Amino acid sequence: MPSTLFDKIWDAHVVRSIEGLDVVYIDRHLIHEVTSPQAFDEIAARNLPLFRPSQILATADHNVPTLHQDQPIREPLSRLQVEKLTENCEKYGIELYGLGHARQGIVHVIGPELGLTQPGLTIVCGDSHTSTHGAFGAVAFGIGTSQVAQVMASQCLLLSRPKRMRISVEGELRPGVTAKDLILFVIAQLGTGGATGHFVEYAGSAVRSLSMEGRMTICNMSIEMGARGGLIAPDATTLAYVEGRPFAPKGEAWNDAIAYWQTLYSDDDATFETEYTYQAADITPMITYGTNPGMGIPLTGHVPNEVPASEAESFDKSLKYMGFERGESLLGKQIDYVFIGSCTNSRIEDLRAVAAYVQGKQKAGHVEAIIVPGSKQVEQQAIAEGIDKIFAAAGFELREPGCSACLAMNEDKIPAGAYCVATSNRNFEGRQGPGSRTLLASPLVAAITAVQGRIVDITQYLN
Amino acid sequence: MEKFQTLHTTGRPLPLENIDTDQIIPARFLKATTREGFGENLFCDWRYNADVSPKPEFVLNDPRYTGSVLVAGKNFGCGSSREHAAWALYDAGFRTIISSYFADIFRGNALNTGLLPLQVSDEVLARLLAAIEANPQLELVVDLPSQTLAVPAWGETFSFAIDGYKKECLINGYDDIDFLVNQKSAIEAFEKQRAWTW
């Protein structure tokens, strides 16, 4: 029977089915300091062993400072949370890449760069952006802390099978249009709840032509339209990225792996509950104007004038928070901060794109521009390539790895009322700090905005 | 997890769509390492001014509204997977959230916390919101065994859907851990026949 890529992987992981629910085996479990302590407590309270501690990897990323990581964390609660992770990992024999470790970084950046993320696997983490790993043709999704404890105890979850959606983007992306613009465009079409209940496969020539970094950016934001996860069929680009990484299969196992991975695609006549097709040529550089990621428009577009009556109250509350009016253009709006980072856009390719644009230029005087690499490895690579010097000369501050101002639970925050063009994934009220106003965009848009100091039509400023 | 009891209560209206978990509990409060105490910061930035004085117009600060049911706009709980959002609602005394649509991860987290996500149609949601705003004392009866929401003043009862297994878990206060741990031999057998071991 014809099957989708998602169903092939899901079916291969069903231990047994009970009353319409599947006991799904989890290959890799990633944990971090924020959503794991209560799960460890649950395990301890029941006096349970960890079922497969070798299939868990831990890092500290959400609640860490991005300056002076070689020194003890100053904020007492943050320090306690990170120490708790260390204690728990020691107690249960879990590999931890903590602060200062050469492999530390944002959980969704280090999984792929270490080769832990591979096609055909099931991967979970107590973080909604776990969908990132789907870029490799894995079934990866975010879970709550109760489920973190369930996976610790059994390496399984009891789940109902989601519906399938396929989103195809065909053709060639225009100059200045990136993977981030593609996914912001798609989310703007579907809305913030448009894919709820579904697992999304991204397909089409525009998606296939993307690098692994670009594919990760797309799958990362699947949750922003409510999807349970997103994935892309593995191909030569995927294999070339995975091969040789520390946890990638080697020798004979590599050949076995490739043989298996080559079976991972949606059959021609597989059915999806929902399908959308878009043309790459219709996508232009995007930006968000509101307080959810579905509120996106082309940079040269206008804030909508009309919305359905049922949405009017939420819509106007959102515009009031952002300080924007119905029907207005964002071009010319002055920006106070530029944040380049997060699990969406903090990989070496993102930093290279920013560096290529800002080389020989200066950020606008009133803009504070920070760049937070996704991992220690990304940071070291940037230094090895001399990108750090380009940033410094242009007035951009390169920090140490972490989630940083994406979620503002650490020291990095945007002040109330300030406008920040961010390469992260959420523009919710207060997401970057109480009262902060976030405009989501690509690294290229962020770089050009930092230099110009205001929102511009970037196609007029490309190098 | 505590057993879910039948509720005879009133509702608190929050007629906004796409309420994300960052609003329910902002990230800066996620530094705690236990499950308790999140209720005081529930909806913090909508509920309090920067100087921590309450915003009188927010529903949780409005003495007319009481009860353990939150009635909220569609796509409730979108965004971050933080289960702390469900814990905060539970800790603040809520036992049921009524909306016309729930984000997937929040729905699962709520069920694992003993909090019932009760989905009604857009039309019923709009009627409920209007009726509660007109009469904050409007009685609501949430009966999980019969899967019904009754509004006695209207003489109407609405049925709602819930997975049979999760319903039993809520009613009995069970969670998935015991169930999954009991599958150990099946899980070990599965591991042995797995095609991918790299």
Side-chain angles (χ1 to χ4, degrees), chain A residues 12 15-16 18-21 23 25 34-35 37-38 41-42 46 48 63 77-78 80-81 84 120-121 126-128 142-147 149-150 153-158 160 192-193 196-197 226 228 249 253 256-257 260 292 310-311 313-314 317 407-409 416 426 428-431 434, chain B residues 15-23 26-35 44-46 50 73-75 78-84 86-87 101-106 108-109 112-113 122 126 163-166 175-181 183-184 186-187 189-191 194-198:
Chain A
V15 175
R16 57 183 298 201
I18 297 147
E19 292 180 38
L21 294 173
V23 176
Y25 189 82
V34 179
T35 58
Q38 295 89 350
D41 285 352
E42 190 74 43
R46 292 165 189 250
L48 288 168
N63 193 7
L77 282 175
S78 302
L80 181 71
Q81 201 172 48
K84 191 108 181 150
L121 299 181
D127 187 282
S128 62
I143 57 177
T145 295
S146 292
Q147 292 175 306
Q150 292 161 22
S154 70
Q155 208 57 36
C156 287
L157 287 169
L158 190 59
S160 59
T192 188
T196 302
R228 205 66 188 81
D256 292 346
Y260 178 53
N292 74 54
S310 66
E311 296 169 20
E313 184 172 352
S314 304
K317 180 178 189 295
L407 85 167
M409 79 170 291
R426 289 186 173 136
F428 297 149
E429 284 186 31
R431 173 75 180 184
Chain B
L16 292 171
E17 299 190 344
N18 306 315
I19 294 175
D20 59 80
T21 54
D22 271 85
Q23 306 317 312
R28 62 185 185 278
F29 300 115
L30 306 189
K31 297 179 183 185
T33 53
T34 59
R35 281 177 182 246
C44 183
D45 295 339
W46 289 352
K74 81 174 172 196
N75 196 28
C78 61
S80 161
S81 61
R82 60 189 71 166
E83 193 164 316
H84 312 62
W87 301 341
Y101 202 57
F102 289 94
D104 292 327
I105 304 179
F106 176 81
N109 287 341
N112 285 332
T113 301
D122 285 328
D163 172 80
Y165 166 82
K166 294 311 288 185
D175 60 36
D176 292 354
I177 290 192
D178 293 328
F179 175 84
L180 288 166
V181 169
Q183 305 297 314
K184 190 178 171 194
I187 296 167
F190 173 86
E191 286 179 320
R194 209 159 42 133
W196 60 97
T197 50
W198 44 84

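Below, chain A is the first sequence line, B the second, and so on; all start at residue 1. Predicted model, so just to flag it, every value in this text is computed and none were measured.
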Judged by modelled atom types alone, do [X] and [Y] share a side-chain donor-acceptor pair under 3.5 Å?
{"X": "B/Q183", "Y": "A/S154", "result": "no"}
{"X": "A/R431", "Y": "B/S80", "result": "no"}
{"X": "B/W46", "Y": "A/E429", "result": "yes"}

Residues forming a side-chain contact (heavy atoms from CB on, under 4.5 Å) with B/N75, sequence neighbours excluded: A/T192, A/T196, B/N18, B/C78, B/Y101, B/A103
A/S310: side-chain contact (heavy atoms from CB on, under 4.5 Å) partners, not counting sequence neighbours: A/P308, B/E17
Contact class of [X] relative to chain B, heavy atoms under 4.5 angstrom:
{"X": "A/V23", "answer": "side chain"}
{"X": "A/L21", "answer": "side chain"}
{"X": "A/I18", "answer": "side chain"}
{"X": "A/L48", "answer": "side chain"}
{"X": "A/A12", "answer": "both"}

Most contacts with chain A, counted as non-hydrogen pairs under 4.5 angstrom, among [options]:
{"options": "B/G164, B/S81, B/A189", "value": "B/S81"}
{"options": "B/A126, B/A50, B/P15, B/C44", "value": "B/P15"}
{"options": "B/D163, B/N112, B/I19, B/T33", "value": "B/T33"}
{"options": "B/P26, B/G108, B/G73, B/A27", "value": "B/A27"}
{"options": "B/D122, B/T113, B/T34, B/D45", "value": "B/T34"}

As an exercise, state the distance from [atom1] of [X] to [atom2] of [Y], rounded to the nearest 0.5 Å.
{"X": "B/L180", "Y": "A/Q147", "atom1": "CG", "atom2": "CD", "answer": "10.0 Å"}
{"X": "A/T145", "Y": "B/R82", "atom1": "OG1", "atom2": "CZ", "answer": "11.0 Å"}
{"X": "A/L158", "Y": "B/Y165", "atom1": "CG", "atom2": "OH", "answer": "5.0 Å"}

Closest contact, heavy atoms only, [X] versus [Y]:
{"X": "A/R16", "Y": "B/A186", "answer": "CD-CB, 4.3 Å"}
{"X": "A/G197", "Y": "B/D104", "answer": "N-OD2, 2.7 Å"}
{"X": "A/L77", "Y": "B/K31", "answer": "CB-CB, 3.9 Å"}
{"X": "A/Q81", "Y": "B/L30", "answer": "NE2-O, 2.9 Å"}
{"X": "B/N109", "Y": "A/G144", "answer": "OD1-CA, 3.1 Å"}
{"X": "A/F428", "Y": "B/Q23", "answer": "CB-NE2, 3.7 Å"}

Test item: A/Q38 side-chain N/O and B/A32 main-chain N/O as donor-acceptor pair under 3.5 Å: yes
Main-chain N/O of B/I177 paired with A/Q150 side-chain donor or acceptor, under 3.5 Å: no
Chain B contacts, top residue of A/C156, A/A153, A/G226 (heavy-atom pairs, under 4.5 Å): A/C156
Greatest number of heavy atom pairs closer than 4.5 Å to chain B - which of A/S146, A/G193, A/A149: A/S146
Step-by-step side-chain contact (heavy atoms from CB on, under 4.5 Å) determination, B/D178 to A/R46: CA-CA 10 Å; B/D178 293 328; A/R46 292 165 189 250; 3.1 Å; yes
Sub-4.5 Å side-chain heavy-atom contact between A/R228 and B/I105: yes
Under 4.5 Å from any heavy atom of chain A - which part of B/F179: side chain
Evaluation steps, side-chain contact (heavy atoms from CB on, under 4.5 Å), between A/E313 and B/L16: CA-CA 7 Å; A/E313 184 172 352; B/L16 292 171; 4.2 Å; yes
